[in-house]
Structures are given as C-alpha cells and as structure tokens.
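Numbering of ligands and ligand atoms starts at 1, following listing order. As the structure is a computational prediction, the values presented were derived from the model and not from experiment.
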Amino acid sequence: MVAGVVGRPVAHSLSPILHNAWLAGAGIDGVYVPFTPDARGFRRLAEGLRGGAIRGLNVTLPFKPDALAVADHASEIARRAAAANLLVFDTDGRIYADNTDGVGLLRAFEVQAPQWDAGAGPVAVLGAGGAARGAVAALLLAGAPKVWVVNRTLKSAEALAAALGPKVVPLPLAHAAGAFRDASAVINATSAGLGGGPGLDVPLELTRRTAVVMDMVYKPLETPFLAQARALDRPTVDGLAMLIGQAEPSFEAFFGQPPPGEVDVRRLALEALGQ
Ligand code: ATR
C-alpha cells in the first residue's frame, strides 16, 4: 500500500517521517513517499493516479486549492476551507478531497490545552490566507460563536468574512486589541515568524490570562509569538501538535486504521527538526 505527500518544495515535509513510523509500528506493508511536480504537473499526477494505484495523497503548499479542484467529491470542510490537504483515490476511479487541517487544529488544542472549549467564546485568528481560512472554517464547525479575522490587509479579512458568514468579523492588524480583550484563543495563521523571521507585533498582554495562544508555524517550534505568550504565562499550543493532528485522520483514510498510539511521532519530528 502506497500513499504520499505532494508539495513544492516537499523535501522539508515531516509527513513521510510520521506516516512511515506509524506504518512500521502497525506492521502494515506500506510506504509513504514525497512527490514534487511542477506547477502544471499537479493535475497530471492526480489524474494519473485515478483508479487506486496508490491509496491517497496529502497535499501541501502550493497545491491545496488545486487538490480541491481535481476532486470529484469534496467534504464540507474542504469546500468551506476552499482547499484540500487530503486526496483519496477510490478503485472506481473517483477522487475524494478532504481537509484534515481543521481537525488537526482542534486536536492540537485537545492535546495541549484540554481546558479550552471552542464554543465558550470568540476566537481571534491572525491572517487571512489559505491557512487562516481553513482555521476559521474549522472553528465555526466546532461551534465558535464568533471568529475575529485580524489581518494586515483588511480587504483580505473582509473577503474571508464574506465567504464564511456573519459570525466572522474582519479587523485590521493595527486594531488587534479589539479582538484580544474577549478572545478565548488567539491563533497565528500568518506566515510571520516562519523560518526564524521576525514575529508579529501584537499586544498579547491585553488577552485574558486564560486565553490560549496558538501558532501554526512549527519551524521554529517556539516562534517569537509563542515565546511572547509564554513570557505572559498564557497557555500555548504549537504547530507541531497541529501537524500531527492532521496526519492522524489522513493515515486512517489511507490505511483503514488509526495510527498506533505507542509510536512517539512527536519525538521523531522534534529530532528531525533538530530540537
Ligand atoms: P497561507 O496560504 O499559508 O495562509 P498566504 O495566503 O500567503 O499564506 O497568507 C499569508 C498571511 O500571512 C496573510 O494573511 C498575510 O497578510 P497580508 O494579507 O496582509 O499579506 C500574513 N502575513 C505574512 N507576513 C506577515 C507579517 N510580517 N505581518 C503581518 N502579517 C503577515
């Protein structure tokens, strides 16, 4: 049984490490491999895999919107996120698209901030790109009463709110304080802080003491944003927990069983990240 991940670049992806460790742990005769087609090659690759030559693909940047477009059937969350991170190739020739990033986000909170309740209050999401849209869609489905979308470019936040409905409220980054005061969680879905770049300049000190602060970036694992939250003694959730959280349902979709719990994939991922 073969599954894989498709992205460009893909060499840095931790997904092969997670899935291959789970395959070995479960004693499944399978392998999980990376693919990196060029911009136009994605569709050819996906079309060529129709019929179930391989079980499925995880999809990462920049192909998530293309993955949704190539599918014959898409889950509600993938449609709302306007992106898919998971394609399953049925033996009848059909391609199914799903998005497990939202599940991953919620599982990360369950693991690292189990006291948090999605329905308990408004959530602030920083950013209005593809990652933010997936997070907002998942938070709404999980029962969040209101989601602030706080973005440097207000227009993009407004477009996201228009696409996802009246519970989504756009706000410029310069007015983040307005969202922080009543947020039960603040989630960084911008690319700021990625690869060791400078973090966001936002007034996290205005959040409630119980507000959970999460960063989707996991390289570095401790972003400037999470470091600021820890210095303020806020509970935190990291991007690696989300990565593992999206991989678990993907594994089950590919191989028909949940990943074996006894394999410590977080430790393997931390090793690969050099932490
Ligand atoms: P992705 O698909 O990963 O979400 P994206 O669509 O390029 O990536 O979106 C990146 C997001 O990070 C955007 O919301 C961007 O803000 P703008 O819409 O104003 O461009 C945000 N972003 C990136 N770098 C940032 C920075 N240094 N400060 C604030 N926001 C930043």
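A tilted orientation is assigned to the rings of His19 and Phe255, their planes being inclined by 30° to 60°. Ring geometry, Tyr32 versus Phe254: the interplanar angle falls from 30° to 60°, so the pair is classed tilted.
Residue-environment remark: CG (Asp38) exceeds the threshold of 12 foreign heavy atoms within 6.0 Å. Other residues, nucleotides and ligands contribute only 12 or fewer heavy atoms inside 6.0 Å of the CG atom of Asp201.
Here the shortest heavy-atom pairing between Asn99 and Ile77 reads O-CG2, 3.6 Å.
Between Asp72 and Arg50 there is a salt bridge, since a side-chain N of the basic residue sits under 4.0 Å from a carboxylate O of the acidic one.
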Short N or O separations between ligand 1 and the protein, below 3.5 Å:
{"from": "ligand 1", "atom 1": "2 (O)", "to": "Gly130", "atom 2": "N", "distance (Å)": "3.2"}
{"from": "ligand 1", "atom 1": "4 (O)", "to": "Gly130", "atom 2": "N", "distance (Å)": "3.1"}
{"from": "ligand 1", "atom 1": "4 (O)", "to": "Ala131", "atom 2": "N", "distance (Å)": "3.0"}
{"from": "ligand 1", "atom 1": "12 (O)", "to": "Ser191", "atom 2": "N", "distance (Å)": "3.3"}
{"from": "ligand 1", "atom 1": "14 (O)", "to": "Ala128", "atom 2": "N", "distance (Å)": "2.9"}
{"from": "ligand 1", "atom 1": "14 (O)", "to": "Asn151", "atom 2": "OD1", "distance (Å)": "2.7"}
{"from": "ligand 1", "atom 1": "16 (O)", "to": "Asn151", "atom 2": "OD1", "distance (Å)": "3.3"}
{"from": "ligand 1", "atom 1": "18 (O)", "to": "Asn151", "atom 2": "ND2", "distance (Å)": "2.8"}
{"from": "ligand 1", "atom 1": "19 (O)", "to": "Arg152", "atom 2": "NE", "distance (Å)": "3.0"}
{"from": "ligand 1", "atom 1": "19 (O)", "to": "Thr153", "atom 2": "N", "distance (Å)": "3.1"}
{"from": "ligand 1", "atom 1": "19 (O)", "to": "Thr153", "atom 2": "OG1", "distance (Å)": "2.5"}
{"from": "ligand 1", "atom 1": "20 (O)", "to": "Arg152", "atom 2": "NH2", "distance (Å)": "2.9"}

